[in-house]
Amino acid sequence: MIDQEPQGTSAVEAQGHVTDSPTFPPDDLSDTALVHAPTAVADIPSRLFGSFIEHMGRGVYGGIYEKDHPTADTWGFRHDVIDMVKELGVTCIRYPGGNFVSTYDWKDGIGPRDQRPVRRDLAWHSTESNEVGIDDFHRWSRMTGTEIMLATNLGTKGIQECLDELEYVNGAPGTAWADLRVRNGIPESMDISMWCLGNEMDGPWQVGHMDAQEYAATVAKVSHAMKLAESGLQLVACGSSSAHMPSFGHWERTVLEKAYEHLDFISCHAYYYDRGAASFQDFLLSSADMTHFITTVAEISSSVKARRHTNHEVALSFDEWGIWYSDEWNRQEKRWIEEAAAGLHHDPWPQAPHLLEDRYTAADAVVEGSLMITLLKHCKQVRSASRAQLVNVIAPIMAETKGPAWRQSVFYPFAAAANFARGVAYAPIIEGPRLHTQHFGEVQAIDSVITWDEKRKQGLVLIVNRDEQRPHTVTVDCSSMPSMAGSRMIIDSAQMLHEDDPMKCNSPEEPNAVVPRHVTPWSNTDGSITLDMPEISWAAIRFHGSQA
Ligand code: AHR
């Protein structure tokens, strides 16, 4: 039933067949799940399919930029990578960090490249050449058709630098900073509306980290000033660096109480990996942690809103999410700290070292598919999200130096949602087998979301089986989608990601070892779809309504 899928999502076209005698319900109901009664959540914001590029490792240098690469243009940008970024369907990209931003001077990255200063980057113990800066990234974003979400330095800088940068990137010619941009070759305003006010300022690892009161006071002043300059900006305050920070909750409340009216988003960051979870089964259910994170922060934001008697909404920006094998990074950081403790250091730091180049498994792809389902199911609260990161560094796209780019397993669930989840997200009721976990109690094995573009009568069903052990047969009822009455449901394509060895990865040698494959679900006469989901699997089914 499963055929090999070559690569990319464009090739995913499988005709479903219609039957009057569906296999559902089978005799053994313990292995079946019913996904039904979908309730509208909200319109799907395009920024939900954002990503993140930080100046670290080979994300920028050796990632999007490699001036000697055969596909590089005159700016030094790799076009094989650009093509893959477009294929992924990324909409909005957070830049330039991350921890990097907390010592970054954006002025180092403008003007003639050969006159830009080389600096030390304290966050990643690297040497920053500044060959790429905001002007260059603006050009790259135009080529990829993506929006920039610009992060400012509130670690070593403050209000004035934010205002200067705002004037430089967005200002109309006629003031000093805007004129400098024009002289640097960018006559048009960059029209950057999303701004992150610092990065993870609650984290002791962050240069210039603050306590909640200090950050709240800083953000209140910076956001007030930036909105005086441009009232239409959308400002993102740092939330907790994870839901496991000791100040989680208190931090969000303190920041929102102080600066609510000037803010538009509060950020959430969460990374998962199997060795960081209580068990492999718990890892597969990482979305339970993400759900708890979202609902807690959303409740805090609503309660602050209610207390202030305002109509203004502060939404969530889940602007770092994904899988990161952070134990490897922690070991490396520990070595640096030990070396630094041994005396003075004058050795040069490496340029664009291999950092966080995690190789993702099939199981990782299923977990990321499940996290995307969670984001869609909560898109009323989460109006922006950035999968971290995009190229080479904990990334769906890998770029070999002087060689080809290739897709990691996690590329595919993101691409399916980013390219085809349109219209409104619908959260269904799920009745089926439950799993016992150490951290999250009892959780459904199956999770799913339905998206529906009423105007085009086109839908997408995303399903994940998070059960480590058992396959389940899943029936999804899509018949109640608006304007579906009197229509026949036609399956346009169906793809599944599952490997018998869940630890299988793609690599430069085998770039298509883990890819989605065509599957053939049952399209039942009652407007539902039935699909067998193996253990640890993810599926995407595209359908449309046709006049009966
Ligand atoms: O994405 C890698 C790092 O993770 C980012 O620099 C930081 O914000 C987070 O801790």
Side-chain angles (χ1 to χ4, degrees), residues 50-61 63-64 90 92-104 120-126 128 149-156 194-210 215 236-248 251 265-273 276 286 289-290 293 316-334 336-337 352-358 360 364 368 371 384-398 408 410 414:
S51 190
F52 174 32
I53 293 183
E54 177 165 7
H55 282 240
M56 69 167 292
R58 298 191 311 118
V60 173
Y61 308 110
I64 62 170
V90 174
C92 180
I93 300 184
R94 186 164 173 256
Y95 172 86
N99 297 338
F100 168 81
V101 83
S102 292
T103 58
Y104 180 56
R120 293 205 299 190
D121 161 27
L122 267 57
W124 304 107
H125 272 223
S126 307
E128 170 60 47
M149 178 178 179
L150 196 59
T152 60
N153 174 355
L154 290 186
T156 59
M194 287 276 277
W195 292 71
C196 301
L197 306 179
N199 176 68
E200 296 189 346
M201 297 305 293
D202 62 332
W205 57 87
Q206 200 72 220
V207 172
H209 68 272
M210 301 172 186
Y215 178 69
V236 188
C238 298
S240 298
S241 310
S242 88
H244 306 283
M245 295 298 284
S247 59
F248 175 55
W251 176 278
F265 292 93
I266 180 116
S267 75
C268 304
H269 290 182
Y271 291 102
Y272 303 98
Y273 71 119
S286 296
D289 182 84
M290 184 185 247
F293 198 163
L316 274 57
S317 170
F318 218 117
D319 49 44
E320 286 189 37
W321 70 269
I323 311 265
W324 175 7
Y325 305 155
S326 50
D327 54 348
E328 285 172 27
W329 161 247
N330 292 341
R331 274 194 293 276
Q332 180 158 358
E333 192 182 33
K334 192 161 169 274
W336 287 351
I337 291 167
H354 289 260
L355 284 182
L356 278 52
E357 298 199 13
D358 296 350
Y360 292 121
D364 293 337
E368 290 217 0
L371 295 171
S384 167
S386 309
R387 195 221 164 266
Q389 297 189 12
L390 186 56
V391 184
N392 285 336
V393 177
I394 42 175
I397 298 171
M398 301 300 288
Q408 295 238 45
V410 296
F414 186 101

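Positions are given from 1 along the sequence. Note that ligands are numbered from 1 as they come in the structure, with each ligand's atoms numbered from 1 the same way.
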Contact set, ligand 1, heavy-atom distance under 4.0 Å, ordered by chain/number, equals F52, E54, G98, N99, W124, N199, E200, Y271, E320, W324, Q389, I394
Which of I394, D358, I323 passes side-chain contact (heavy atoms from CB on, under 4.5 Å) with Y273? It is I323
For A388 and F52, which heavy atoms make the closest approach, and how far apart are they? CB-CD2, 3.6 Å
Partners passing side-chain contact (heavy atoms from CB on, under 4.5 Å) against S102 (at least two apart in sequence or in another chain): M201, Q206, V207
Tell me if a side-chain donor or acceptor on S267 pairs with a main-chain N or O of G239 at a distance below 3.5 Å. yes
Are Y215 and H209 an aromatic pair, judged by ring center distance below 6.0 Å? no
If you round to the nearest 0.5 Å, how far is OG of S386 from CD1 of I93? 9.0 Å
